[in-house]
Structures are given as structure tokens and as C-alpha cells.
Enquirer: 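Sharing a structure with you now.
Indexing begins at 1, ligand by ligand and atom by atom, following the structure's order. Nothing here was measured: the structure is a model prediction, and the numbers come from that model.
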Amino acid sequence: MPFKKFANSSVDSLIPLAVPSLDGNEEKYLRQCIATNFVSSVGPFVGEFEKQLSNQVKSQYVVATNSGTSALHLMLISVGVQPRDLVIIPSYSFIATANAVSMTGANPWFMDIELTSWGLDPDILRDELINGCTRSEKGLIHKVTGARIAAVMPVYAAGHPPRVSELCQVAKEFQIPIVFDSAAAIGSKSDGNEIGELEALHSLSFNGNKTITCGGGGAVILNDELAAKFIRHISTTARTEDGYEHDQVGYNYRLTNVQAAIGVAQLENLDQFLANKRRIAETYREELSDMSGASFPNVSTDTPSHWLSGMLLKDSHREFMTKIIQSLADCGIQARESWRPLHEMTPYRNCLSSTMNSMDFLKNRVLTLPNSTSLSKDDQEKVVRSLRRILAHL
Ligand SMILES: Cc1ncc(COP(=O)(O)O)c(C=O)c1O
């Protein structure tokens with residue numbers, strides 16, 4: 001069946017938000033999977049992908065998974081999250097962060113972000129733990145619900161690192177495990193360190209809109225040998241031998257050879273992809289920051305991956321956002337409102353949450369603009385021109 005390639009404006013009239021670039025060795029490696037009959041998770045590309053990824057992020061271990069969500073789930077299990085526990089997460093994230101908590105049977109406790117990094121605010125985290133919790137022999141207990149605080153999981157929002165070392169310090173002070181949802185953080189650095197050089201477990205996603213994709217996929221990034229063994233074990237149904245012996249509840253979460261084949265080809269172009277994302281983000285900043293009614297987040301001194309290019313609007317009105325998005329669509333440009341607050345989502349409305357001053361400020365204000373790694377200079381100029389005209393008239 002003939003499919004039309006959805007890639008960029010030279011093929012389609014629409015300038016898309018974020019589509020993959022598959023112009024490297026993807027096709028060649030996929031053909032190797034078919035030719036060798038290795039299409040499932042047993043296959044040479046899986047190990048190769050893990051090896052190359054660990055070199056890239058500078059971690060000792062990588063466990064490749066079939067999605068970023070499964071990587072989050074595995075990390076939470078590995079640090080001992082149990083049903084009815086609480087896991088602290090920021091309200092500003094994709095819903096998968098909260099869903100992974102629910103998948104363990106625990107409940108999310110939503111906390112506010114800071115406006116510099118758009119990540120979990122370590123000062124708010126400390127205050128909430130001091131004022132809302134008490135220590136017992138079972139660990140740190142939430143005073144009102146009696147639930148155990150099992151972990152904290154900050155997020156790299158749109159690829160910006162949160163304040164990693166301060167967050168780790170708070171977690172240490174209160175003796176709670178910390179793991180990072182760094183789904184879009186490939187290429188991010190905190191204090192000059194790649195995510196694999198940092199002390200806590202990190203996860204990545206390789207779904208279709210990420211800087212590099214496997215079609216779908218994810219990974220747990222870590223330096224702890226025992227934890228890596230455990231995570232690998234439960235990601236492959238906790239099988240203890242070649243036959244049907246399993247020593248605990250496990251999951252079918254491994255990346256397949258087909259996905260890994262795409263991933264290996266994508267990694268070959270990662271440096272170029274990251275450079276393109278950075279150039280696109282800098283161009284938006286230079287071309288749009290001067291406009292009244294528009295400003296960009298004050299990114300911390302860390303290095304963001306620029307997974308998404310977000311722009312902060314002057315007004316926090318849904319209708320204003322919708323009008324801009326519609327006007328851009330009329331010009332053949334795809335733009336989107338960023339994540340809505342998780343603590344307001346239907347499945348999570350009744351969960352615990354801190355006061356949300358920064359989240360309330362950010363709500364309805366973050367407009368994400370096209371930033372595919374293949375976005376041409378001409379197309380970006382068109383986005384800038386159109387947006388300036390639209391904002392001037394609204
Ligand atoms: C912050 C964040 N966490 C988790 C995920 C889930 O990853 P996946 O879609 O690979 O399951 C995403 C995906 O976009 C994400 O942006």
C-alpha cells in the first residue's frame with residue numbers, strides 16, 4: 001500500500017511540530033533484521049544499542065525497554081515502591097509520569113515547579129517534607145494520609161534539567177529514593193555531567209517525537225550493577241532459565257531488535273540532531289524574545305537538550321492560545337499547547353497536591369513551536385514571520 005511520507009514542508013504543505021529524521025542507516029539496519037530473521041528482543045541490535053547509548057550518556061549500564069513509560073515503571077519498582085505508597089512528582093509533565101506511579105499501585109503527590117527550569121522545585125519539596133511528613137520506623141510518613149513516601153521522581157521538562165544536585169540533596173536528607181523522568185533529556189547536562197554520570201537512576205524515551213526515536217522505546221540509565229541486573233530480569237518476565245521458570249512477577253518490557261536497529265542508526269546522527277535542535281531554539285529566542293507579549297523561559301546554566309522549543313505567552317488564556325494555534329494552522333504551521341497540569345487531569349484530580357503558584361502561572365502559556373531536527377531555515381523563518389504577525393494582531 002503506498003504511504004505518503006510525513007516529513008517536512010518540501011513534501012507536505014504543513015510544517016510539522018516534531019517529526020523524526022530517518023535518512024541515515026535506518027532502512028539498511030531494518031533490512032538486516034528481516035534478512036537474519038531477528039525481529040524480537042533477541043537480536044544483536046539490542047545489545048549494540050545499549051552499548052552505544054551507555055557510551056553516549058556515560059553510564060555503566062543501560063537497560064533498553066519498549067517504551068519510556070515501562071522504563072519509569074521499572075525504576076519505581078527497583079527502588080521499592082509498593083501499592084498505597086506516595087511518589088512525589090511535579091505537576092508539569094506528560095501524563096506517563098503519573099501513570100507509571102499508578103502502575104505500581106502507589107499514588108502521585110503532585111508538587112509545584114520553579115519557573116527557571118520548569119522542573120520540580122527543591123525548596124518546595126523540602127518544605128512539604130518538613131511540614132507534611134513525619135519519620136517512623138517504616139520510613140517517611142505523610143501525616144494526613146498515613147502513606148509512606150516511597151520515592152521522588154523529578155522530570156526534565158521539555159529537556160531542561162531540573163536542579164538535579166539540590167533535588168538529590170533533599171532526597172538524601174529525608175532518606176527517600178530519587179529517580180528521574182528524563183524521557184527527553186538525551187544531550188542534557190547538569191553541572192557539565194551527562195545523565196549517566198549523575199548519581200540517581202534516569203530514564204529515556206525513544207517514541208516518535210523524541211530527539212532520537214526507535215519508533216517506540218525507552219531505557220533505564222544507571223551505574224548500580226545489582227539494580228541493572230534486577231531491572232533487566234523483571235523486564236524480561238523474570239525468567240530464570242531458558243524454559244518456563246520465573247521467580248517473581250515480571251514484565252514483557254524489552255526493546256525489540258527491530259526498534260533497536262532504528263535506534264542504532266539514529267544514534268549515529270545524534271550529535272547533528274542535537275546541534276539542529278540547539279540552533280532552532282536559539283533562533284526562536286533571538287527572533288522572538290524582543291516582541292512585546294512574548295518571552296522565553298530563563299533556562300538554568302545547565303545544558304538543555306532543547307527537545308521541544310517552548311515559548312511563554314503574555315496571557316494565560318486558553319482562548320488566546322487556541323487562537324494563536326489556529327492562526328498558525330491557517331498558515332500551514334503546526335503548533336501545540338504544552339502539557340496541562342497533571343493534578344487537574346481527570347484520573348488524578350483527587351490526589352494530593354501542593355499549592356501550585358508557578359504551575360498556575362505556566363498553565364495555558366507555553367506554546368510549542370515546530371522544531372523537527374529536519375526543520376529548514378526557510379521553514380523556521382516562515383514560523384517566526386507568521387507568529388510575529390499573529391501576535392501583533394491579537
Ligand atoms: C516527560 C515524559 N515522561 C514519559 C514519557 C513516556 O514515554 P513513552 O511515550 O516512550 O512511553 C514521555 C513521552 O513523551 C515524556 O515526555
Enquirer: If I take atom CG from residue Leu30 and atom CD1 from residue Ile262, how far apart are they, to the nearest 0.5 angstrom?
Expert: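 Answer rounded to 0.5 Å: 4.5 Å.
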
Enquirer: Can you name the ring-ring contact (aromatic ring centres under 6.0 Å, His included) partners of Phe38, sequence neighbours left out?
Expert: none

Enquirer: Please determine whether a side-chain nitrogen of the Lys or Arg among Glu287 and Lys377 lies less than 4.0 Å from a carboxylate oxygen of the Asp or Glu.
Expert: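 Result for this pair is no, no salt bridge flagged.
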
Enquirer: Taking CZ in Arg336 as the centre, count heavy atoms belonging to other residues, nucleotides or ligands within less than 6.0 Å. Is the count above 12?
Expert: no

Enquirer: Identify all pairs of nitrogen or oxygen atoms, one from ligand 1 and one from the protein, separated by less than 3.5 Å, and list them with distances.
Expert:
unit_1: ligand 1; atom_1: 3 (N); unit_2: Asp181; atom_2: OD1; d: 3.2
unit_1: ligand 1; atom_1: 3 (N); unit_2: Asp181; atom_2: OD2; d: 2.7
unit_1: ligand 1; atom_1: 7 (O); unit_2: Ser205; atom_2: OG; d: 3.3
unit_1: ligand 1; atom_1: 9 (O); unit_2: Asn207; atom_2: ND2; d: 3.1
unit_1: ligand 1; atom_1: 10 (O); unit_2: Gly68; atom_2: N; d: 2.8
unit_1: ligand 1; atom_1: 10 (O); unit_2: Ser205; atom_2: OG; d: 2.8
unit_1: ligand 1; atom_1: 11 (O); unit_2: Gly68; atom_2: N; d: 3.3
unit_1: ligand 1; atom_1: 11 (O); unit_2: Thr69; atom_2: N; d: 2.9
unit_1: ligand 1; atom_1: 11 (O); unit_2: Thr69; atom_2: OG1; d: 2.5
unit_1: ligand 1; atom_1: 14 (O); unit_2: Asn207; atom_2: ND2; d: 3.4
unit_1: ligand 1; atom_1: 14 (O); unit_2: Lys210; atom_2: NZ; d: 2.5

Enquirer: Trp307 side chain to Asn209 main-chain N or O, any donor-acceptor pair under 3.5 Å?
Expert: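 Checking the backbone N and O of Asn209 against the side chain of Trp307, a donor-acceptor pair under 3.5 Å is found.
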
Enquirer: Would you please indicate yes or no on a ring centroid separation below 6.0 angstrom for Phe49 and Tyr29?
Expert: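 Ring centres of Phe49 and Tyr29 not closer than 6.0 Å.
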
